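Just so it is clear: chains get the letters A, B, ... in the order the sequence lines come, proteins before strands, and each one is counted from 1. None of these values were measured; they are calculated from a predicted model.
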Protein chains: 2
Amino acid sequence: MALPPAVELRRRNRAALLEQLHRHGPQTRAELTEALGLNRSTIGALATDLADSGHLQETTGQSTGSAGRPSTLVACVPQSITVSAVEIRADRLRFALVGLGGEVLERSETALEEGADAMTAVAGLTRGTAAAAVAAMPGLVDEGTVAHSTELGWVDRRVAADLEAATGREWKVVDTATAAAVGEWARGDAREARKLLYLHGGRGLTAGLVIEGRAQRGGSIQLGHIVVEPGGRECECGLRGCLEAEMEVRAYAEDIERTTLAAGMGDGAARDWLRRSGEDLGRALGAVVTATGPDEILFGGWLRELYLSTAAPVRSALAETTLPHLRSKLRLRTPVLGDEGALIGAAETGFEAVFDRMR
Amino acid sequence: MALPPAVELRRRNRAALLEQLHRHGPQTRAELTEALGLNRSTIGALATDLADSGHLQETTGQSTGSAGRPSTLVACVPQSITVSAVEIRADRLRFALVGLGGEVLERSETALEEGADAMTAVAGLTRGTAAAAVAAMPGLVDEGTVAHSTELGWVDRRVAADLEAATGREWKVVDTATAAAVGEWARGDAREARKLLYLHGGRGLTAGLVIEGRAQRGGSIQLGHIVVEPGGRECECGLRGCLEAEMEVRAYAEDIERTTLAAGMGDGAARDWLRRSGEDLGRALGAVVTATGPDEILFGGWLRELYLSTAAPVRSALAETTLPHLRSKLRLRTPVLGDEGALIGAAETGFEAVFDRMR
DNA sequence: ATCATATGTTGCAGACAACAACAAACCTCG
DNA sequence: CGAGGTTTGTTGTTGTCTGCAACATATGAT
């Protein structure tokens, strides 16, 4: 005898149990039995198994107040599996080491000088202990390569390979908006959303879609390059009338707080910009909503400030370009994880890969 | 002893084997061993198992010309599992009974008088022997209900329940465009496409997206209600400037052959319409492409004729509204299954459900 | 204190897939 | 035409897995 026969099942069940705890927090064995649809004895075997390997910790004898033998509570050990998450922006790098169960164990942030190589900076942040490493970055990401990122100025860059070369380990690459959508769904308060659209305002505008908890296969939505004004302003991407160009993102959005403040103080140009931007954004959104049919939209990055200060034109422009039936199911909100969403979501993506690999 | 212990594995493997044969056609046992990653003996057990239950037929002793014992070829028995597929249009009903492996066993078509109830007509077509029943219809379909269909004039109709009441069996409901996309992917020649966007021209314009062979979760794209001209013509849906309204679908598209013919004979109005329609379509497509990033687009329904007769304006408008990086990977074509796509795809969706249910 | 209830634990049985050895059926080459 | 090589199906064995049932344990209720 040499290798596993029907060990596959055990592996699958182990992964399922771990994932259940990771996503839903500590649970009793009884609850796990219910959730996984397995027998008490099987859960017992799996749990002691995983406790022996250090992934789980069981705290016994929790009296619940109701009749019957008290159930043992089982929780994951965060340190037993960790995931490195990095968010790359044009001007800075953010890092988090996230443990099983979702706890953030370490965190750091480093400024990135203009022109500096992000890869070596990443290598300085991450250690090799993590079970998975995920990098989130703004742009059109497809299977480890960034096809196009106005924000980072990268075109067809094989980022996963570059990161691997710099750090000596495998990397997964996702786009910031999709990562943030995943994060808000998994650890924010958007878990009820069936189709969650996350809008991310950085130097560019991107959007990410999470459907029933799963990132939409195949990368992000280049929201900034929806054409809202055919034949309009010239955009860096070579088109005309892109949302990014029409909004004059570079001029106003980079310092959105100052712009909203100025508008509040009666600055006509700032006011005008806010109104026009809101309308343009709403129109672009209309097309995206019609194309994807979300039931919740989150305004992240500096779009958060834009939306909070000027929701009315966004809503009305959206109303003029979206089917009533799609609009009626739509909630517009701002994210609860703030700037952390992408980092959290990237880590969550890593854990998904870890669980998949276990099976 | 009463019920299955670890029978789950066997069921999974049985389903996997059947699905493999259904999708890839007859294969030898050796090929199945390779494809499923199971042991020869396991494949043998599964095959005889399924042959005994009548799902498979093994033809032995096929000499391949190369050395070694000739492998037994195993193929599905179409009659052993069948799926009813129905395509509902405003004016007619199409039905197909499709067998395991994809063979169409029966087919029929009935005209639907204006105002007639489609449900009872469906009941007249389908018999109760099929393992699954799927209905494709144009519009915004979500979990058995049609939220909105300009073509059928239905709003928030619980079609699955209605069909169930009329026929006494469970129904799955999908939208025509998505079904056609699935069909072209599974049985057409679009299997290489990673993201396949199928545009369907009926009385309305819808689109369906298939990503790596799987229908995008959550229904179709209301292509006809992308706003291409803010503040433009009034549309039935209540918005202004929708693609459907701007294209004047009702006036010209319903009889597209006559329009293209007239344009060919020098009719200025028809020519104008073709050019303007192509441009509007291209612009709407630009938004959808930016939002979904497909690598192949198929023009189905009457959009097929429109595209074949007037591709240039479509392409140039698309070029003006799509990121170069998305455009460069894009192939534009017409479907190979013609009008059958939606029916085939609906059946394929049904088989997917059947296989899922087996596990 | 006793009973009811809910939960962990243990031993057992049925099932399953991998493995290895063997049998079968083909090809090639002398 | 027969021997050797090659590929594939078959069979018996083995280790592992999960469900089940009976038992043990720990609580609340009476």
Kindly write out the residues that satisfy salt bridge (Lys or Arg N to Asp or Glu O under 4.0 Å) with [X], not counting sequence neighbours, or none if the list is empty.
X: A/Glu103; value: none
X: B/Asp162; value: B/Arg157
X: B/Arg331; value: B/Glu296
X: B/Glu340; value: B/Arg94, B/Arg107

[N] [atom2] sits how many Å from [X] [atom1], rounded?
X: B/Glu58; N: D/dT10; atom1: CD; atom2: P; answer: 7 Å
X: A/Leu9; N: C/dA18; atom1: CG; atom2: C1'; answer: 14 Å
X: B/Arg11; N: D/dG19; atom1: CZ; atom2: C1'; answer: 13 Å
X: B/Arg12; N: D/dC17; atom1: CZ; atom2: C1'; answer: 15 Å
X: A/Arg29; N: D/dA26; atom1: CZ; atom2: P; answer: 13 Å
X: B/Asp49; N: C/dA15; atom1: CG; atom2: P; answer: 12 Å

Notebook entry, point to check: By a strict heavy-atom criterion of less than 4.0 Å, which residues belonging to residues 16-25 of chain A are in contact with DNA chain D?
Noted result: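 Close to the strand, none.
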
Note to self: Please give me every residue in residues 38-47 of chain A whose heavy atoms get under 4.0 Å of an atom in DNA chain D, ordered by residue number.
What the structure shows: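 Hits under 4.0 Å, by residue number: A/Leu38, A/Asn39, A/Arg40, A/Ser41, A/Thr42.
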
Counting only side-chain N and O atoms of [X], is one of them less than 4.0 Å from OP1 or OP2 of [N]?
X: B/Asn13; N: C/dC16; result: no
X: B/Ser71; N: D/dG9; result: yes
X: A/Arg10; N: D/dT16; result: no

Margin query: Which residues pass the side-chain hydrogen bond (donor to acceptor under 3.5 Å, both in side chains) test with A/Arg23, not counting sequence neighbours?
Written below: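 Checked A/Arg23 against side-chain hydrogen bond (donor to acceptor under 3.5 Å, both in side chains); matches are A/Glu19.
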
Please tabulate, for the side chains in residues 29-37 of chain A, all donor-acceptor contacts under 3.5 angstrom to protein atoms that are two or more places apart in sequence or on a different chain.
from: A/Arg29; atom 1: NE; to: A/Glu58; atom 2: OE2; distance (Å): 3.0
from: A/Arg29; atom 1: NH2; to: A/Glu58; atom 2: OE1; distance (Å): 3.2
from: A/Arg29; atom 1: NH2; to: A/Glu58; atom 2: OE2; distance (Å): 3.1
from: A/Glu31; atom 1: OE1; to: A/Thr28; atom 2: N; distance (Å): 2.9
from: A/Glu31; atom 1: OE1; to: A/Thr28; atom 2: OG1; distance (Å): 3.4
from: A/Thr33; atom 1: OG1; to: A/Arg29; atom 2: O; distance (Å): 2.8

Item checked: End-to-end axis angle, where each axis spans five pairs of the helix from C/dA1-D/dT30 to C/dG30-D/dC1, to 10° ->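 The end-segment axes of the helix from C/dA1-D/dT30 to C/dG30-D/dC1 are tilted 0° relative to each other.
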
Next item on the list: Using the test side chain to side chain contact (heavy atoms under 4.5 Å, CB included), find all partners of A/Ala96 that sit at least two apart in sequence or belong to another chain.
Entry: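 A/Val98, A/Val104, A/Leu343.
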
Notebook entry, point to check: What pairs meet the ring-ring contact (aromatic ring centres under 6.0 Å, His included) rule with one or both residues in residues 340-359 of chain B, with sequence neighbours excluded?
Noted result: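 Every ring-ring contact (aromatic ring centres under 6.0 Å, His included) pair that includes a residue of residues 340-359 of chain B, provided the two are not neighbours, is B/His22-B/Phe351, B/His22-B/Phe355.
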
Shortest non-hydrogen contact between [X] and [Y], atoms and distance:
X: A/Leu337; Y: A/Arg187; answer: CD2-O, 3.8 Å
X: A/Ser80; Y: A/Gly54; answer: CB-O, 3.4 Å
X: A/Ala181; Y: A/Tyr198; answer: CB-CB, 3.6 Å

Note to self: Could you check whether any side-chain heavy atom of A/Val173 comes within less than 4.5 Å of a side-chain heavy atom of A/Glu143, counting everything from C-beta outward?
What the structure shows: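 No, side chains not in contact.
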
Notebook entry, point to check: Side-chain contact, heavy-atom cut-off 4.5 Å: B/Gln27 with B/Leu21?
Noted result: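 Heavy-atom side-chain distance check passes, below 4.5 Å.
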
Notebook entry, point to check: Going by an N to O cut-off under 4.0 Å, is there a salt bridge joining B/Lys195 and A/Asp142?
Noted result: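 Between A/Asp142 and B/Lys195 there is no salt bridge, as every charged N stays at least 4.0 Å from the carboxylate O atoms.
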
Enumerate the protein-to-nucleotides 2-5 of chain C contacts in which both atoms are nitrogen or oxygen and the separation is below 3.5 Å.
from: C/dT5; atom 1: O2; to: A/Gly68; atom 2: N; distance (Å): 3.2

